[in-house]
Structure formats: C-alpha cells, structure tokens
Amino acid sequence: MSQKTSSQIRCVTCTAPVNIAVIKYWGKTDEKRILPTNPSLSVTLGQDELRAKTSVAVSSRFTEDRMWLNGIEQSVNSPRVQNVLKEIRRRAHKRKSGENKDDLGLAHHVHIVSENNFPTAAGLASSAAGYACLVYALSKLFEVNGEISDIARQGSGSACRSLYGGYVLWKMASKDDGSDSHAVQVQPESHWPQMRALILVVSDQKKHVGSTEGMQTTVQTSELMETRFKLVERRTEDIIKAINDRDFPTFAKITMQESNQLHAVCLDTYPPIFYMTDTSRLIVRLVHAINDILGKVKVAYTFDAGPNACLYLLEEDVPRVLSLVRHFFPASKDAGNSSFVTGLKFDEIEPSTADTSQINLPISEGAVKYIIHTKVGPGPQVLKDPKESLFTPEGKPKL
Ligand SMILES: Nc1ncnc2c1ncn2[C@@H]1O[C@H](COP(=O)(O)OP(=O)(O)OP(=O)(O)O)[C@@H](O)[C@H]1O
Ligand SMILES: C[C@@](O)(CCOP(=O)(O)OP(=O)(O)O)CC(=O)O
C-alpha cells in the first residue's frame, strides 16, 4: 500500500470528502474525548469538487514530526493532531506486538503534507475532510486496520463521518470511555443516485466564532438545548427511514427543521451567535417559495456554522433551482465575465423561465459568491500513482 520515494522513506497519499450534516452535531458531553451530546447524520459529498488530499511519509531521516497545509507549515503540537498521531501509533504498536515493528517505521518521525481543493476554515467543513484524510492516510502508512473513525473524531468530531461515503451516522457513546462513539454508514452513495447538493457560497472567509467554541457556549447557556435533546434522537430515526425509503419530502423537511433548530439554539446562546446572514435568510425564503410554487417539497436547505447554504435536491430539479438562484442572486458585475469565482460558471446556468414574479424576493447581486454542484460521494481513497504524492521523490514537501 505504501510507496517508497527512496530507500529510507515510505509514503501514502489519500483523499477524503467533505460531509454536510442533516442532523447536526452541536455540543459535547466530553470536550477532551470529543463525545457528542446527540447522534448526528451527514451526507458525504463528491470529491471532484470538495476534498482534502494528504500525503504522509515516515523516514529515519526525519528529525521531528512536521506538517504543511496548503503550502504553509503548521504546528503539529495542537492537542488534536497529537491525539491522532498518538492513537494511530498506539494501535500500530499493539497490532505489531511480537512482530518486527521497525519495518513500519513506528520508531521514526512522520511528515504530513495536505491541501484542500476548496476554501479552508471557511465554514465548508475543511476540518472534517482534513482530519479524516490524515487519519485514513496514517492508518494505511502504519497498517492500522478496523474501525478508525473514532480516531478522526479526536481530530474533529464531524471528521469521523468523512470516513465513509453515502449517508453516515455518528453514534453517541454508550460505553463510559466513549470508545464506541464512531461513524457507521447508513446507506452507500449508490443508494440514492439522483441526490444532488448545491453549495451556495455566501462567504469563504473565516467565521467569527468557531464551531468548537460556539457549541461549548451553547451547551453552557442555551435553555432550548433541553428541548432539542428530547427530540433529536427521534428525528434521527425518522430521517434514516426517509433515506432508506428515498422519501425526499420527509428527508427535506427534517433537514430544514434541523438547520433551523441549530441556528435557533445559537441565537438562544448567551451571548447569541449569528452564523446566518441576511443573504442566508433570503436563500431560505427562496427555497420555501420554490417548494410552494411547485406544490411539493423539491429542495431543502441546511446551514452549518456559517452563512453558506447547502441545498439538497434531486437531479431532475437542478436546472430549475439553479436558474432561480441565478435570477435572484446574480453574480456581481465585478466578477469578471459574470462568472462565479469557482465551481459553476454563471453562463453555464440557464436563465430562469419560471414565473419569478410569483416569488417576492429582491435581486441580490453578488450576494452568492459562487456555487458548487456535486453528488453524494464515496469515503476516503488511496491514490496509488506516485505522481499524486505531495512529496518529491527525495521526500521534500511539494509547496
Ligand atoms: N486538509 C487538512 N488537513 C489537516 N487539517 C486541516 C485541513 N483542512 C483544514 N484543517 C484544519 O481545520 C481547521 C479549520 O477548521 P474550522 O472548523 O475552523 O473550519 P471548517 O472546518 O472549514 O469550517 P466548519 O467547521 O464550520 O465546517 C484548519 O485551521 C486546520 O487546522
Ligand atoms: C455545525 C457543524 O458543522 C459542527 C461541526 O463541528 P466540528 O466537528 O467542527 O467541531 P469539533 O468537534 O469541536 O471539531 C454541524 C455538523 O457538522 O454536524
């Protein structure tokens, strides 16, 4: 599985997906072990449009653990990176007990080079893809088999869900040590081939309150959380049934109610946390207006800890929804050739032929920076071609 870039260096390169939750994780029962207050469930998105790519290498020549992200060296001393490295090495040692451990390089240092093909730390779940990719690559480098999503959880809670494709549940812990809080695949990406996602990027800037800090304050101060805890497990069961049955209206309604509730408890946090913006709320109004005109729930929105919208819909409805998004959220005139910054180009989207006069919304030029259109995708992948490595043949990071 691993490739040798030179006699002393072993290297593995992987990609891992972004996941966007439809049942939200927003609160921990154990901050240190990153154990959630409730189950959550996500959709794994396509890696052509949104993925982390990570190369990990081990060598007797490396004098310390080092990491580079998007071409810039990062400290590996963050507690989360350290937790991941320690747990992977512990499991590798345990597996290799009695055999010659040195052939895995467990006594040596590792170098990590990673990059995202989408904005990092911008509310697009880069930490989920990033930690999932790091853990998956290290598991291949050190031949750690079996369940590893619980290790990714220690990097970033939602990262555990990116270890699988399709529709993924992150279970709450039942054991005292939390070791059984990991991800399980509910359905593979092939289960509902018509499902699509449109990411409407309102901002790709770093958010003002990170998810970790935000959910901690919510748990400490929001009185609405008690109500949420009473219904979120049933909601999870209901959305799993809707996914199994390919019941889009039910899937969509629960997804939207969950998103609304996440932002309601954020507002009920003291001091309040405002992740959604006026543009986010206009997108909510557009989605409901589309569903009203069509007389059926054909599109759902969900918002994480930021203003960006993830719309879930079926393939047949993508052209109509895209054209209405283009009509009400045209690219700003200074966006060059009126195209979105990345992802779909403006002129790739047919202008709306629907009767937009039925939708009472302002035209918000430039409010949506760009749109990413993707499918439901697989979990992490190993890249076997040595040319894909983010290390040079001499073991230097490609920066
Ligand atoms: N490819 C990667 N490899 C390793 N770590 C990464 C990678 N991409 C992002 N990260 C880590 O995740 C951090 C960003 O996490 P953060 O939660 O702030 O943003 P996000 O995950 O993009 O947004 P959100 O959590 O709201 O979806 C980065 O500062 C970095 O530490
Ligand atoms: C709003 C969310 O995206 C929260 C993601 O939180 P993180 O997984 O980033 O938090 P940590 O465990 O503290 O790293 C909802 C979700 O993905 O379920």
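Whatever order the structure lists ligands and atoms in, that order sets their numbers, starting from 1.
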>> Suppose I only count heavy atoms of Gly123 and a 4.0 Å limit; which atoms of ligand 1 are within that range?
In response: 22 (O), 23 (O), 24 (P), 26 (O), 27 (O)

> Is the gap between the ring centers of Phe274 and His208 under 6.0 Å?
Replying inline: no

> Can you list the residues that meet the salt bridge (charged side-chain N to carboxylate O under 4.0 Å, His left out) rule with Asp278, with sequence neighbours excluded?
Replying inline: Arg281

>> Taking a cutoff of less than 4.0 Å between a non-hydrogen atom of the residue and any ligand atom, is Arg80 in contact with ligand 1?
In response: no

>> Under 4.0 Å, heavy-atom basis, I'd like to know which part of Ala129 is in contact with ligand 1: side chain, backbone, both or neither.
In response: neither

> Can you tell which part of Ser211 has a heavy atom less than 4.0 Å from ligand 1: side chain, backbone, both or neither?
Replying inline: side chain

> Considering only heavy atoms, does Leu69 approach ligand 1 within less than 4.0 Å through its side chain, its backbone, both, or neither?
Replying inline: side chain

> Should Glu115 be counted as touching ligand 1, given the test is an N or O pair under 3.5 Å?
Replying inline: no

> Which atoms of ligand 2 have any heavy atom of Arg161 under 4.0 Å away?
Replying inline: 16 (C), 17 (O), 18 (O)

> With a 4.0 Å heavy-atom cut-off (strictly under), which part of Ser114 contacts ligand 1: side chain, backbone, both or neither?
Replying inline: side chain

>> Between Thr13 and Glu388, do the side chains contain a donor N or O and an acceptor N or O under 3.5 Å apart?
In response: no

> Can you check whether a protein heavy atom sits less than 4.0 angstrom from atom 18 (O) of ligand 1?
Replying inline: yes

>> Below 3.5 Å, N or O to N or O, backbone or side chain included: is there any such pair between Trp26 and ligand 2?
In response: no

